[in-house]
Amino acid sequence: MIEVVIFIVVGAAAIGGALAVVFAKNPVYGALGLLGTLFSLGVFYVVNLAHLVAAVQVIVYAGAVLTLFLFVIMMIGVDKDDDTTEKLRFHRPLVGGLAVITLVVGGALALGGRFDWVPTVAGAETPPNGTVEAIAGRLFTDWVLAFEVTALLLTIAAAGAVALAYFKPDGSEPEE
Amino acid sequence: MTSELFVPLVIVAPLLGAVFLHFVGRRIGEPLAGWIATAAIGTSFVLGAVSAIDFIRGTGEHSQHIMLWEWMPAIGAAFEIQWDPLSALMTLIVTGVGTLIHIFAIGYMHGDERFARFFTYLNLFAASMLALVLAGNYAMLFLGWELVGLCSYLLISFWYTRPTAAAAGKKAFIVNRIGDFGFMIGLMLVFVTFGTLSFEGIFERAGEVLTTGTATAIGLLFLVGAAGKSAQIPLYVWLPDAMEGPTPVSALIHAATMVTAGVYVVARSAAIFQEAPAAGMAVATVGALTALWAASIAIAQTDIKKVLAYSTVSQLGYMFLAVGLGGYVAGIFHLMTHAFFKALLFLGAGSVIHGMADEQDMTKMGGLRKHMPVTAATMGVATLAIAGFPLLSGFWSKDEILAVAFNAGGFASVLYVIGLITAMLTAFYMTRQWVMVFGGESRWDEGVHPHESPRVMTVPLIVLAVFSVGAGLINTPFRLGLEHFLEPAFEGISLAHPPEGIGMFVLLAAISVGAGLVGLAMGGFIYTRPREVWTRFQAGFGRLWEAWATAYRVDDLYGAALVTPGRKVSEAAAFRFDLPIIDGLVNGVGRFFKETGSRSRVVQTGYVRNYGFAFVAGLLLAVVWLLIAGDI
Amino acid sequence: MIEVTSGWYMSLAAVLFSIGLLGILVRRNALIMFMCVELMLNAVNLTFVAAGRALGSLEGQVSVFFVLVVAAAEVVVGLAIIVAIFRRRESASVDELSELRG
Amino acid sequence: MIFAQVLVMPDVSWLAIAPEIALGLGAAIVLLVEVQFLPPIKRLGGLVAAILAVAFGFSLWQWFRVDDLLSSTDNAEFIAGFLPFGQMVVLDHASVLARLALLLVAALGIGAGWQLFERLGRRGAEALALVLLATSGFMLMASSVHLMMMFLGLEVGSIALYVLAGITRGRATSDEAAIKYFLLGSVASAIFVYGVALVFAGTGELSLLGARSFLSGTVVTRPAVLLIGLAMLVVGLAFKISAAPFHSWAPDVYQGAPAGIVGYMAAAAKIGGFAALIRVLHTGFPSMLDEWAPLIAGIATLSMVLGGIFALVQDDVRRLLAYSGVAHAGFILTGMVGGGVGAPDVWFYLAVYTIQLVGAFGVVSVIAGGTAGPTPIASFAGLGKRQPMLAVSFAILLLGMAGIPLTSGFVAKFGVFQTAWQAGFEWLVVVAVLASVVGFAFYLRVIVAMYMQDGDGTSPEPASPSRTVIALTATATIVLGLLPAPLLDLAANAIPL
Amino acid sequence: MLTWLIAAPALAALVVAFLPKDRKELYLPVGILLSFVPLAVAGVVFFEFQGGEAAFQFAERVAWYQPWGIEWNVGIDGISLGMIVLTTILFPISLAASTAINHRVKEFVVSVLFLEAGLIGTFLALDLFLFFVFFEAILIPMYFIIGIWGSERRIYAAVKFFIYTAFGSALMFAGIIALAFLHAEQTGAPSFAYQDLLGLDLGVVDERLLFAAFGLAFAIKVPMFPLHTWLPDAHVEAPTAGSVLLAGVMLKLGTYGLLRFNLGLFPEASVDAVPIMATLAVIGIVYGAVVAIVQPDLKKLVAYSSVSHLGFIVLGTFALTSAGLQGAVIQNVNHGLTTGALFLLVGMIYERRHTKNIADFGGLWKVMPIYSGMFLFAAFASIGLPGLNGFVGEFLVLVGTYASLPGFAIVAASGVVLAAIYMLWAYERVFTGIPDKPENQALSDMSGREIAIMVPLVALILVLGMYPQVLLEKTEASTEAVLDRIEAVTDYEVPAPGRLTDLYIAGGDG
């Protein structure tokens with residue numbers, strides 16, 4: 001029962017945060033909305049026995065990533081509200097149409113009763129416990145290649161960031 | 001066998017002459033080129049005559065097939081010669097008259113800058129015409145048939161810088177082609193009926209294979225072709241225009257030889273017409289009507305050659321009348337005599353034109369008998385011959401035709417009457433012509449000095465005059481020389497004959513001679529008088545004379561009914577249909593794609609969210625699609 | 001007694017994902033759009049975790065780490081691009097970057 | 001307790017990832033050498049060529065190793081060599097072929113756009129390193145049989161490409177290309193990974209092999225989640241291969257990004273994307289062929305038609321090539337409707353098309369002067385007179401892309417069409433042949449400009465690597481059109497697991 | 001042998017392509033010289049060819065890519081023999097007629113030679129894949145020939161030509177794939193070999209669809225009404241050599257294809273399609289001629305006349321009688337010669353006057369007698385004057401058609417009349433009368449080179465007109481074989497003229 005309450009309350013927060021991201025005119029509010037969502041999800045991870053994931057979510061995502069976002073927002077300028085008037089004439093109605101179709105399809109699936117999120121498989125009775133050991137056990141065995149590949153990703157990120165955003169102190173291009 | 005060698009050479013000789021003159025004619029020049037051409041066709045005549053001796057003697061085979069080489073074996077077409085009395089006679093007419101006309105032309109074409117070229121064409125024509133009459137199958141016959149058309153085209157428009165000449169040549173060819181259209185379909189029908197186009201294969205089996213329906217169809221289709229070539233109603237309109245060509249051409253092609261090809265084809269196809277009396281009657285009717293129609297037009301012409309042209313049309317009508325009724329001998333007989341006197345008339349006219357410095361209008365002539373005695377005399381003979389003056393050649397042949405028509409009875413009696421009227425008209429307009437040209441007082445323009453033509457022109461006239469007088473004697477009721485000669489060629493054909501008995505002959509002869517004399521007298525009486533008399537006489541006919549003088553305005557009618565609408569249709573097809581609609585459709589497809597592209601490229605707005613929209617829409621579509629496919 | 005199944009979480013994730021997509025479609029601030037992408041990735045993570053729980057599999061949770069790394073790398077590059085653009089044109093609106101079209 | 005847990009290391013096959021290692025290390029070396037020695041860019045070019053050659057050598061070795069493995073009787077050895085690293089990647093002919101193609105495209109791409117690297121100055125090294133890294137990413141993507149692994153490969157490749165798209169910072173169009181590519185690419189990645197999650201939810205497996213065996217062993221009564229997940233995987237990859245309607249980024253990016261690198265970007269993404277797509281559909285979900293084949297056919301149709309029609313009205317050669325790329329994606333997808341049997345034809349098509357694409361962009365890059373300058377069709381006018389060899393090569397490449405017989409493009413088209421026909425998609429073949437006619441129309445426009453119109457413009461002489469690459473690709477287009485058998489035989493082996 | 005026949009022009013093209021840049025004057029002469037090599041090879045093939053045989057001779061078969069079943073499969077029979085000879089003859093001639101090309105001569109010669117290789121390949125290919133390769137590949141050189149060396153609207157014409165014909169062949173491509181697939185289904189392995197595909201058992205529906213797919217491609221190529229509009233544009237804009245080759249050889253691909261593939265592979269559907277094809281052919285004959293009458297441009301006039309003449313070929317093909325087929329085969333060659341000659345002549349006057357407008361001329365006979373004579377000769381050959389080649393083909397076609405489709409033959413025969421009208425009218429306007437326009441008065445007559453170009457054509461026109469057996473005796477066995485097969489496979493009975501009488505008379509009394 002308590003889980004239901006948590007789900008409803010925290011879930012509402014998550015959705016609220018998400019909606020804030022989408023509809024807030026000021027990017028700062030959007031970022032804060034995203035923060036709310038991220039925290040909410042962290043709560044859900046805990047509920048779902050994904051402790052390490054939850055911790056990382058809060059530390060990396062909410063801590064690092066979002067900070068970076070806020071930093072850029074600040075740099076670009078907080079005081080500016082976004083212009084949200086639509087220039088494309090048919091865009092909004094069309095997007096609305098898509099939303100409606102999504103709702104209809106989703107609703108049909110949900111209410112049609114011909115829908116399972118997960119199939120019944122053996123071993124599902126014991127939910128996995130996302131401890132550090134358990135996760136590490138997977139990461140350093142079967143997932144070791146994937147783990148190594150992330151190094152490539154980070155190299156690219158570093159090299160790319162430098163290539164794209166490094167300017168000389170006077171703001172000029174390094175050379176062209 | 002000499003004939004196997006000689007007969008092909010009959011064609012080859014003028015052909016070689018043509019080829020030779022084509023390449024070197026210009027260099028050897030006048031008059032040698034003309035003499036070479038004459039020698040070529042003269043050789044043909046000699047070869048033909050030698051080869052025909054057997055037929056004249058009545059010994060040897062009466063029909064020979066000489067195979068040269070295959071042409072289109074699938075349809076039985078080959079270069080193949082049929083040598084029988086009919087083709088022999090035609091050969092002799094063509095080469096004989098042809099030789100004389102060649103000689104005449106040497107004088108007539110004197111001074112023309114394309115003198116040699118003229119003889120090239122003449123020789124080529126001779127070769128083509130010989131190919132036509134010597135052909136052993138319909139395909140080769142058609143070859144000659146078309147080639148003479150080509151030569152006719154070339155010779156009519158010989159003076160191509162004259163737009164009228166060029167147009168006349170074109171008109172002749174095209175009208176002939178219209179006839180050929182029918183002829184070709186006839187040939188196709190012959191082929192599917194007999195499985196071959198070879199005379200041998202056709203005529204032997206005609207009786208057993210043909211039904212009346214098929215035979216009639218073939219006959220009528222041949223009639224269409226023959227009407228084109230032989231200038232019968234309704235396709236005669238090209239012949240008067242063809243007078244644009246040099247006069248020897250008119251004499252050779254448009255009087256003596258080519259235009260008789262239609263008659264020849266009907267005669268040649270006697271075995272088919274035998275099975276189709278209706279077709280034969282159609283031929284006869286067309287012939288008779290044409291005879292009268294053209295004669296009536298001839299009455300009112302003032303151009304010396306136009307008179308002769310319509311006269312030719314009219315005389316060809318006689319021949320059609322004869323062959324249509326089965327009187328093949330009569331038809332061919334008239335063909336022969338007509339070749340002589342009509343060639344003579346044309347050459348005479350040519351001589352006059354030559355002497356009058358290219359004047360052709362008879363109202364500006366008169367009194368020429370003093371200045372051109374030989375021409376006047378020979379033309380006088382020819383006029384009498386064509387008018388059917390007793391004992392001259394035209395008398396015998398024309399009378400035979402009329403007699404055949406009379407004897408056939410029934411509907412043919414009507415044709416007989418028409419023929420009789422025509423005979424009277426013929427006598428009238430020919431006399432009128434002679435009198436207007438040679439009789440009475442001179443009405444020349446200033447500065448014209450008529451003179452007799454040189455010997456090279458007058459000698460052929462004299463020779464032809466002799467034949468015009470005497471040629472009729474080869475086939476009289478008293479001595480059927482020609483009929484006996486031709487009989488082998490019409491084996492198995494029931495020939496139509498004049499009524500038996502001298503009494504009947506005398507009666508009929510008297511009637512037609514009477515008709516002729518009436519015409520002769522009228523013409524002589526009126527046109528020897530001063531001009532006002534003619535005018536009054538002509539005015540007496542009122543609008544009718546006008547119609548005759550303008551040839552019933554048939555040309556205008558054809559122009560309005562066929563040429564102009566045809567051109568309009570063509571223009572509509574080309575510029576209202578082909579370009580805007582068919583091509584427009586094609587280009588429209590291309591434009592449609594481009595338009596679609598240009599119009600829809602605005603979808604690519606450059607805005608990310610807009611791209612995202614397409615993206616998400618596609619995603620939704622894919623999801624829904626898979627869900628439906630997965631039968632959820 | 002209502003029990004919260006993993007389906008609930010996954011449904012919630014689906015909603016969040018859709019909201020993220022919606023954001024992409026309606027906003028034109030590159031930063032916000034980018035945040036929407038983050039939102040979508042988080043929805044994915046929630047799905048992974050919830051599905052892993054229902055299936056009794058740890059792979060879902062492991063996957064989350066990788067998604068996270070990818071997200072981080074994307075953030076680095078993405079923000080670098082945005083910064084680079086901003087330095088030249090003082091705006092983060094992608095609408096101004098619509099010279100390329102058609 | 002904590003330390004009691006025994007970690008069982010998975011099978012490790014260094015050979016299976018040797019080319020990737022070579023490239024990763026190589027990238028690091030390039031960056032370090034650059035920082036340390038500031039060598040002239042030409043030297044770096046040589047270094048990169050050496051790295052690519054090494055990787056290529058490894059790949060060739062792999063090819064023969066695969067033959068050995070397939071003939072080996074020892075099951076354990078087979079598994080260890082064939083599906084190493086916890087069965088996350090596979091060493092089969094398909095993956096090796098993809099590696100070879102990618103390496104070739106990388107080498108040719110760098111050569112074709114060499115002017116760009118020279119003009120980038122010091123950042124040229126970063127660009128080179130990024131090309132190497134991207135290549136390794138797409139290689140991993142092509143060889144993975146695990147969805148998360150595939151996602152990682154995809155991201156490695158894509159993120160590197162985002163950076164490359166924006167690497168000439170001077171031009172607004174380059175920025176625009178980068179941000180558009182980046183934003184839409186991230187969305188596509190998110191959709192892809194959501195698909196991974198949903199497939200995971202639907203089957204309990206992240207491994208494609210696992211998913212396959214799960215599906216063959218279980219009757220999934222309510223496969224909605226699985227189907228939605230599959231759709232998202234397909235859509236995510238369709239974005240990479242720029243199939244309609246997920247193509248809208250392509251023209252803008254091709255036009256905006258530096259001309260020298262677009263050829264590589266387009267080609268590498270297509271190879272990686274298609275390799276992954278075959279892998280997902282054929283290795284993972286062969287049992288659902290009846291469901292996804294029509295979807296693929298639909299995307300193919302839309303791509304061919306839209307790509308063709310839009311290409312018809314473009315005035316910029318790069319946009320034209322982009323839209324034609326959309327159409328080509330459609331043609332290649334045509335070969336996939338029959339499932340794995342079409343893989344050789346898809347591979348052949350991919351190989352010849354990407355080679356042509358790189359060559360064509362080499363020419364464009366010459367005309368554009370290596371960077372992001374505009375390349376309207378009009379700027380090609382009179383090229384046939386000014387630079388006959390360049391024009392001839394470009395004409396051959398364009399005709400090859402159009403699929404004129406006696407070029408490799410024709411053989412390729414024939415291959416995919418006959419596969420589709422055999423699969424029972426006759427209508428798709430008919431659409432495709434008609435669409436290829438539309439293709440003629442727009443390729444001809446460029447040829448018209450080059451040969452039939454007079455232009456007074458001048459164009460720079462191509463750098464010698466570019467010239468070599470352009471000549472090579474044009475030659476390959478003809479040679480493979482006349483003698484396609486060797487490459488076809490090679491591709492015939494490359495039916496993925 | 002045949003491989004060399006195809007390779008010879010291609011190699012020649014390479015030779016010319018590698019001639020040094022500074023020897024510009026060599027390009028054309030070398031090209032002309034080298035184009036005699038295929039002519040010589042074709043001559044050997046022609047004389048070695050065994051007339052009585054229906055089977056393919058000089059056949060060569062080598063696998064190209066085994067798993068797909070594609071092969072290098074070439075061979076020659078009576079149907080292709082004439083086309084090969086025609087092709088190899090027309091190429092030296094058109095090259096020799098191209099001295100007016102004064103820019104990018106090398107490219108021109110190379111294009112023409114590649115075109116020759118492609119055309120020969122198309123006629124010799126027996127593997128459908130190979131056939132399609134050549135069929136499509138030749139579009140490229142022709143596209144360049146029109147597009148680079150054509151007149152003002154050349155680009156429009158070139159693109160239209162290319163796209164239109166490519167569109168036509170697209171569906172045939174699908175059809176070819178389908179055939180190979182059906183072969184694989186029935187025998188286990190795909191094959192594109194004509195010889196193999198003859199044995200296929202196609203269902204009625206498939207066969208009709210395939211017939212349509214192939215038919216469309218060829219009908220556009222022919223071109224048959226109403227798919228003909230690319231032709232006038234292409235002809236008008238193309239340089240002389242282009243027009244000659246286009247009309248002389250390329251259009252024949254369509255008629256050749258119809259005869260070889262549609263009749264050969266889809267006999268049942270062919271028999272069923274006779275009414276449609278014959279109707280379109282007859283419309284083409286009449287329509288082409290009617291439209292030709294009022295064309296203001298000489299080339300356009302000849303182009304539309306081609307539409308008309310090619311209608312005869314299609315009609316003869318679908319008459320399904322021996323005479324019709326023979327006529328079609330020989331008319332293929334004949335039309336190439338006569339129309340080639342006409343285009344060459346128009347090209348010569350165009351080089352002198354830079355106009356092809358009929359209205360700009362008049363009275364040329366006076367100034368250019370030799371030219372006028374040549375033109376007249378060619379015009380009459382085109383009109384179908386017996387003794388010249390045009391007649392042989394058309395007459396055989398008409399007679400053959402009458403045996404099976406009398407009504408069509410009758411309408412078609414009117415094309416002969418119309419031909420005389422448009423040709424002679426045009427001739428009248430161009431050549432007769434007085435040369436009153438000053439620019440026409442100083443025109444020079446044909447040069448020795450120009451006469452030399454025309455002489456072979458004139459000679460062939462005469463030879464084929466007088467002794468078509470030269471060709472017919474070699475083609476007959478092959479055309480008969482086509483009919484035999486149709487008779488064997490379908491219930492169609494080839495009409496045997498001579499047996500049937502009243503069937504052909506509406507309302508006959510039998």
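We name chains A, B, ... by the order of the sequence lines, and we start the count at 1 in each one. Only heavy atoms go into these numbers, but all of them, side chains included; no hydrogens, no water, no symmetry mates.
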A.B. asks: side-chain contact (heavy atoms from CB on, under 4.5 Å) between L140(D) and L152(A): does it pass, once the steps are laid out?
C.D. replies: CA-CA 11 Å; L140(D) 284 167; L152(A) 287 180; 4.2 Å; yes
A.B. asks: Given a strict heavy-atom distance threshold of 4.5 Å, which part of L226(D) is in contact with chain A: side chain, backbone, both, or neither?
C.D. replies: neither
A.B. asks: Where does V118(A) contact chain D at under 4.5 Å (heavy atoms): side chain, backbone, both or neither?
C.D. replies: both
A.B. asks: In terms of heavy-atom proximity below 4.5 Å to chain A, should L25(D) be classed as side chain, backbone, both, or neither?
C.D. replies: neither
A.B. asks: How close do L31(D) and A159(A) get, heavy atom to heavy atom, and via which atoms?
C.D. replies: CD1-CB, 4.2 Å
A.B. asks: Side chain, backbone, both or neither: which part of V12(D) has a heavy atom under 4.5 Å from chain A?
C.D. replies: neither
A.B. asks: For L23(D), is it the side chain, the backbone, both, or neither that has a heavy atom closer than 4.5 Å to a heavy atom of chain A?
C.D. replies: neither
A.B. asks: State the CG-CD1 distance between L154(A) and I159(D), to the nearest 0.5 angstrom.
C.D. replies: 9.0 Å
A.B. asks: Of all of A163(A), G160(A), A146(A), which one pairs up most often with chain D through heavy atoms under 4.5 Å apart?
C.D. replies: A163(A)
A.B. asks: Please say whether more than 12 non-hydrogen atoms of neighbouring residues, nucleotides or ligands are located less than 6.0 Å from CZ in F71(A).
C.D. replies: no
A.B. asks: Top residue by heavy-atom pair count (under 4.5 Å) with chain A, among M88(D), Q87(D), E155(D)?
C.D. replies: M88(D)
A.B. asks: Between I167(D) and L164(A), is any pair of side-chain heavy atoms under 4.5 Å apart?
C.D. replies: no
A.B. asks: In Å and rounded to the nearest 0.5 Å, what is the CD1 to OG distance from I156(A) to S136(D)?
C.D. replies: 6.5 Å
A.B. asks: With rounding to the nearest 0.5 angstrom, report the CH2 to CG distance, W117(A) to L198(D).
C.D. replies: 6.0 Å
A.B. asks: Does the side chain of T141(A) come within less than 4.5 Å of F85(D)'s, by heavy atoms?
C.D. replies: no
A.B. asks: Pick one of side chain, backbone, both or neither for A129(D), based on which atoms fall under 4.5 Å of a heavy atom in chain A.
C.D. replies: neither
A.B. asks: Which answer fits S144(D), side chain, backbone, both or neither, if we ask what part of it has an atom under 4.5 Å from a heavy atom of chain A?
C.D. replies: neither
A.B. asks: Heavy-atom cut-off 4.5 Å, strictly under: side chain, backbone, both or neither for Y162(D) against chain A?
C.D. replies: neither
A.B. asks: L164(D) versus chain A, heavy atoms under 4.5 Å apart: side chain, backbone, both or neither?
C.D. replies: neither
A.B. asks: I'd like to check M149(D) versus W143(A) (side-chain heavy atoms, cut-off strictly below 4.5 Å). Are they in contact?
C.D. replies: no
A.B. asks: Specify the closest pair of heavy atoms between P10(D) and V144(A), including all atoms of both residues, with the distance to one decimal.
C.D. replies: CG-CG1, 4.1 Å
